[in-house]
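Let me begin by presenting the structure, written as structure tokens, before commenting on it.
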Amino acid sequence: MSLIDLHNIAVRFGGHTVLHDVDFGIDRGEIVTIVGPNGSGKSTLLRVVIGAQKPASGSVTRSRGLRIGYVPQQLHIDPTLPLTVRRFLDLPARIPDAKAAEALEQAGAGALGQRQMADLSGGQFQRVLLARAILSDPDLLILDEPTQGLDQPGSAAFYRRIARLRADLNCAVLMVSHELHVVMAASDRVICLNGHVCCAGAPEHVASAPEYRALFGTGTQGALALYRHDHAHSHDHPHSHGPEAAE
Amino acid sequence: MSGFLDDFLVRATLAGIGVALAAAPLGCFIVWRRMAYFGDATAHAAILGVALALAFNLSITLGTLVMALVMALTVSALSGRGRSMDTMLGVLSHSALAAGLVAVSLLQGVRLDLSAYLFGDILAVGRMDLAVIWGGALLVMGLIWARWSALLTATLSSDLATAAGIDPRREQLILTLALAVTVAVAIKVVGVLLIAALLIIPAAAARSFARTPEAMALIAAGIGGASALIGMAVAWQFDTPAGPSIVCVAAAIFAASALIDLARRAA
């Protein structure tokens, strides 16, 4: 049984349809990455999964007692709010020092406990958010563009860390990313999103799928095409919009 | 104890301390969430509540509580809709104040000293008032104490709170309720024009001395309490209005804290 199943999800903001006909599930131990151009509904889909966004139609089925660890895309902490890293980990529930130290160590933020959140660099901040997300011993770890603002070696190291955590915690990982080539190497399954699921499956399947190429181009130049392509694209061939498309 | 409370100066001082202790931790959330104008709008609506209470022969506390709650809920509902909140709050805040002043003046046969409601009338605090003020203050402190972690998580990020099983709208509602109660009990002490000052200034002054949110709330409460105590002494000594004197002392403490912070950064 899947940890979470989305069936026929549609989300509308005002009269505008952001997502439609989205089906997918995720199993324990999988790393699934959602790719797609800006405005394709990636973050909205994550918010549906964590329960922060109610779908206009469709159903979300979570397995009983599902624990979700969530790393938001950005977290603005007002400078008037004094907050040490250690205290941040205590939200919403207090945890023992040993557990906090272990999570910080696992997330690569071992020495940061007594620092103020406001003084952290982008990379340190991300690792602290990751440490907090794994504290609850999650079944499903959700990350929204976790490597934004990190340089190439930094984000490669971050994805290696995620792969290690998946093995240590035996959890599933669902993330959104822009960095296609790194993501392709680090994921078990890729979902290519543009308002609907254009194609989905193993990275090599998706990379060679015509729907994916229509969105991102071919080869590593695809990373650039991501920002340039036409949002209101139409594929010049018929295909079914569903996770089975590439399988 | 009863002899102790016979002195109007003692009652006034206790009333000031009670309001300050409740307002300071709540004020921290107002500052962290950037809701300063929200506090203003809620406080200004209270003058409409005074008119309501006088017209229907209700207690002033009840009237102000109802109007403050209506305003706070309205603003809270609007803020979820992505309108330009800054402008919206400016419109609501000053319209409520103006409408309240007009409504009070229209009431037939009521001769009252408006300044008592605009700036407070702390020396007229009776035993019953004192009980209401401390009851409300304890309620606000209890609410914030009980929901502390959830409120703090929702303040950081509503999505983070949702993922942790906390409903951010409920936490917002709790703050809204606490704000309305604070306004209703503070009107006698500092008046509608200066309630927001008791919320914001002690919290702002506490910021540079705190490394954790708990420390900031406790230091803010200390600064608020001290301001009430010193402000009353100043008012007695120099025959100045009590509410504004309390706020002036708080402002002086804020200025001192800002200077200390500046010196520390330069060092």
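Order of the sequence lines sets the chain letters (A, B, ...), proteins ahead of strands, with each chain counted from 1.
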Considering only heavy atoms, which portion of A210(B) lies under 4.5 Å from any heavy atom of chain A: side chain, backbone, both, or neither?
both
Considering only heavy atoms, which portion of I166(B) lies under 4.5 Å from any heavy atom of chain A: side chain, backbone, both, or neither?
side chain
Among the options L83(A), I77(A), V71(A), V49(A), pick out the one with the most heavy-atom pairs lying under 4.5 Å from chain B.
L83(A)
To the nearest 0.5 angstrom, please state how far the CG atom of L160(B) sits from the CG atom of L91(A).
8.5 Å
I need the minimum non-hydrogen distance between P213(B) and P82(A), along with the two atoms involved.
CD-O, 3.0 Å
Contacting region of L81(A) [heavy-atom separation from chain B under 4.5 Å]
both
Enumerate, by atom name, each donor-acceptor pair separated by under 3.5 Å where one atom lies in chain A and the other in chain B.
from    : atom 1 : to      : atom 2 : distance (Å)
R47(A)  : NE     : D159(B) : OD1    : 3.2
R47(A)  : NE     : D159(B) : OD2    : 2.8
R47(A)  : NH2    : D159(B) : OD1    : 2.8
D78(A)  : OD2    : R34(B)  : NE     : 2.4
D78(A)  : OD2    : R34(B)  : NH2    : 3.0
P79(A)  : O      : R207(B) : NE     : 2.9
P79(A)  : O      : R207(B) : NH2    : 3.3
T80(A)  : O      : W32(B)  : NE1    : 3.0
T80(A)  : O      : R207(B) : NE     : 3.3
R87(A)  : NE     : E214(B) : OE1    : 3.0
R87(A)  : NE     : E214(B) : OE2    : 2.7
R87(A)  : NH2    : E214(B) : OE2    : 2.4
P92(A)  : O      : S149(B) : OG     : 3.2
Q114(A) : O      : R211(B) : NH2    : 2.6
Q116(A) : NE2    : R211(B) : O      : 2.9

Heavy atom to heavy atom, less than 4.5 Å: which residues from residues 192-202 of chain B reach chain A?
none
Please, which pairs that meet salt bridge (Lys or Arg N to Asp or Glu O under 4.0 Å) have at least one residue in residues 175-185 of chain B, sequence neighbours excluded?
none
Highest number of heavy-atom pairs under 4.5 Å with chain B among P72(A), G51(A), P79(A) belongs to P79(A)
Selection residues 207-230 of chain B - residue pairs positive for ring-ring contact (aromatic ring centres under 6.0 Å, His included), sequence neighbours left out
none
